[in-house]
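Within every chain, numbering begins at 1; the chains are lettered A, B, ... in the order of the sequence lines, protein sequences first and strands thereafter. The model shown is predicted, which means the values in this text are computed figures rather than measured ones.
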Amino acid sequence: MLIALAGNANCGKTTLFNALTGSSAHVGNFPGVTVEYRQGQVTWNPSLTLLDLPGIYSLTPYSEEEEVTKKALQKVEGIINVADACNLSRNLYLTLQLTELGIPTVLAINMMDEATHLQIDCSKLSKFLGLPVVGISARKRKGLRELTALLEKQVHHQRCPVCPVPPRTGEEYLVSADRRYRYIEILYGECIRQTKKEPSKTKRLDRLLLHSRLSFPLLFGVLFLLFLIPFGPFGTGLRKGTEALITHLSHINLSFFPPWFQSFLQEGMFGGVGSVLSFFPCIFLLFFCLSLLEDSGYLARISFLTDPFMQTIGLSGRSAIPFLTGFGCTVPAVAAAKTMPSQRDKILTVLFLPFVSCSAKLPIFTFITGALFPQSGFLILFLLYLSGISWGILNTAFSHKYLVRGVSESFVMELPLYRFPDLKQSLRVTLKRSGEFIKKTFTVIFLASVLIWVFRYFTPQGSPASELDQSILFSFGKKISPLFAPLGFGSPEAASALLAGLGAKEAVVSTLGVLTKDISFLFSPLSAFSFLHFVLLYMPCAAAFAAIRRELGTVSAILAFVYQTAFAWLVSFGIYQLGLKILG
Amino acid sequence: MLHQLKIGQTGRILLVEGEERLKIRLYDLGLLPGTAVTLKGVAPLGDPLELSLRGYSLSLRLSHAKKILIEEESSPC
């Protein structure tokens, strides 16, 4: 039996879903659209299949997500309407709309553990609404069995849909919305009492975090920590450790295999696996920190504070989260951009993402700055990130004015209450997300790495290359290297590395490392700076391409990437030539 | 207008103006004529605003707040 979980955003739907289904859930896509859903079976009652739908505020589709949710609701046999106990006035609006669908529904008032200042009469509310009402706490796992029991009973009562005439004009809509909210006010007065003073923790925190002169400095502090943890010494240490572990594992005795197969296993397969898995710690830490921020309620504040800046380039504060995710990896950032209600905002955000330097590029930067800028490595790195973001801003502002059509979505967003994040829950969610991330990127990057191996191992004639400079990759590199001469790095080694980087960014370092003993022979500090910019701005890796293609379509994705590479060329050209003139 | 409320001040909505899609969204969220709205705070740069209504907090852009007509109710506390 297919049961949908419907409710506002931030009401703990996903927590409830996880509590009911354990680890049996899988992620799917609604047909034809890129909206995702989670599906799983209730642990103690496998006949109930739960569908975790995106959070919606009403059944009037405002975004693609809400449209898809509405369609999905028409196909289910039962609904669990999840509501936030501290927010019932607004949550009940959706409840009233859901009752009009005529589908067996149970109202689960969640977060009862946080509503200690309220007394909610569930049985009275149930009589008013005409459906079973139960108070639960998904976090504390209270009331869950009662919920499923009520649901099972309810599903056996078929109800006739109340089919109100859908409003056709804004005025009619106002009338129906007004009618519903008036009813909610009556319900609230009858069934809910405030027994204690409302907790003022959120109010007091927001006075500091949102409305004071310290708000922006504190925001920068939080963002700095957000990057320091996954990409600073701790995260980098974990990454190097994982790399070392995989390299160690790859040194198994394979001497009974032919040499090409040995190389295939060690450099192709282990190398490919290694390049994805070594990023797992950084991605995991970033997702974990983002999950804690979301759970605490501060993530919404980040959108709030950044909104006026985003407006100047035609976006809204909602884009802040995909951008933050993009510092880890473009692939989940594109997924985060899917929740934007406006198609136009989504396109602009996704197009901006490649300018946000993903974590896979970081080893390239540190490798080159380490060799060519031993003293000022950190400064160069900082300039590079700043440069990437600046170019992104310029491009987006330009696209917003001249290229992308459509209306930007207004920025109306709920600010949830602050709560202390549930560490166990965040850990569980992060593990799931990271697992999904690995599944999505693994295949593409792995295949790309194997392909790169083939191009590095064999000569154009088909026999194993004795030196890397006889490989197919190198011959390609030689052919295209003149293109990069005006940029300062016209060597076949550099060109080969860039080609390899199309498959997976990590391959740039490994290719350079194998092709040359000392990269300071290939680059001068100026040409290295120019090269770094090219790496920063040119086409992202195959996995990112696949993700963007899924959102924007093949033609747009290809156009975007051609543009990016051309733009990267121009910027690197400018830097190198200007640099030559300035330095004489 | 809504944006002219002082921090802590409550107003009752008289009219919501603006484009249709946004109006429908605001109605869904409970911003209806007759609703009491309190200005909880403002971002350091003046945009967006944080409003309190029906027991929850909503962020709204200054440009939209300028389109909502209210009558003042209480003085700031």
From [atom1] ([X]) to [atom2] ([Y]), nearest 0.5 Å:
{"X": "Tyr27(B)", "Y": "Ser58(A)", "atom1": "OH", "atom2": "OG", "result": "14.0 Å"}
{"X": "Leu417(A)", "Y": "Tyr56(B)", "atom1": "CG", "atom2": "OH", "result": "12.5 Å"}
{"X": "Phe411(A)", "Y": "Asp47(B)", "atom1": "CZ", "atom2": "CG", "result": "9.5 Å"}
{"X": "Leu29(B)", "Y": "Ser89(A)", "atom1": "CG", "atom2": "OG", "result": "12.5 Å"}
{"X": "Glu50(B)", "Y": "Leu210(A)", "atom1": "CD", "atom2": "CG", "result": "5.5 Å"}

Is the shortest side-chain heavy-atom distance between [X] and [Y] below 4.5 Å?
{"X": "Met413(A)", "Y": "Leu58(B)", "answer": "no"}
{"X": "Thr60(A)", "Y": "Ile24(B)", "answer": "yes"}
{"X": "Leu305(A)", "Y": "Pro44(B)", "answer": "yes"}
{"X": "Glu185(A)", "Y": "Arg54(B)", "answer": "yes"}
{"X": "Asp28(B)", "Y": "Tyr173(A)", "answer": "yes"}

### Query
Given that the side chain runs from C-beta out, which part of Ser303(A) has a heavy atom under 4.5 Å from chain B: side chain, backbone, both or neither?
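Neither; nothing under 4.5 Å.
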
### Query
Measuring heavy-atom distances to chain B, does Asp206(A) have an atom under 4.5 Å in its side chain, in its backbone, in both, or in neither?
side chain

Over all atoms of both residues, closest heavy-atom pair of [X] and [Y]:
{"X": "Pro48(B)", "Y": "Phe304(A)", "result": "CD-O, 3.2 Å"}
{"X": "His211(A)", "Y": "Val42(B)", "result": "ND1-O, 2.8 Å"}
{"X": "Gly55(B)", "Y": "Asn87(A)", "result": "O-OD1, 4.3 Å"}

#### Entry: Candidate pair Asp307(A) and Arg61(B), rule salt bridge (Lys or Arg N to Asp or Glu O under 4.0 Å), full reasoning
CA-CA 9 Å; Asp307(A) 182 58; Arg61(B) 275 187 184 162; 2.9 Å; yes

### For Asp113(A), all residues meeting side chain to side chain donor-acceptor pair (under 3.5 Å), sequence neighbours excluded
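Residues passing side chain to side chain donor-acceptor pair (under 3.5 Å) with Asp113(A): Ser137(A), Lys140(A).
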
### Message
If I measure from the heavy atoms of chain A, does Leu31(B) come under 4.5 Å with its side chain, its backbone, both, or neither?
### Response
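No part of Leu31(B) comes within 4.5 Å of chain A.
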
#### Entry: Contact class of Leu62(B) relative to chain A, heavy atoms under 4.5 angstrom
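For Leu62(B), there is no contact with chain A at all, as no heavy atom is under 4.5 Å.
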
### Task
Using a cut-off of under 4.5 Å on heavy-atom pairs, state which of Leu49(B), Leu26(B), Leu53(B) scores highest against chain A.
Leu49(B)

### Summary
Note: vs chain A, highest number of non-hydrogen pairs under 4.5 angstrom among Ser52(B), Gly18(B), Ala43(B) is Ala43(B)

### Message
Only pairs of heavy atoms separated by less than 4.5 Å count here; which of Arg182(A), Glu414(A), Gln97(A) has the most with chain B?
### Response
Glu414(A)

### Message
Heavy-atom pairs under 4.5 Å with chain B: which of Lys203(A), Arg213(A), Arg207(A), Gln311(A) has the most?
### Response
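Winner by heavy-atom pair count: Gln311(A).
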
### Query
For Phe216(A), does the CZ atom have more than 12 heavy-atom neighbours from other residues, nucleotides or ligands under 6.0 Å away?
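Yes, enclosed.
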
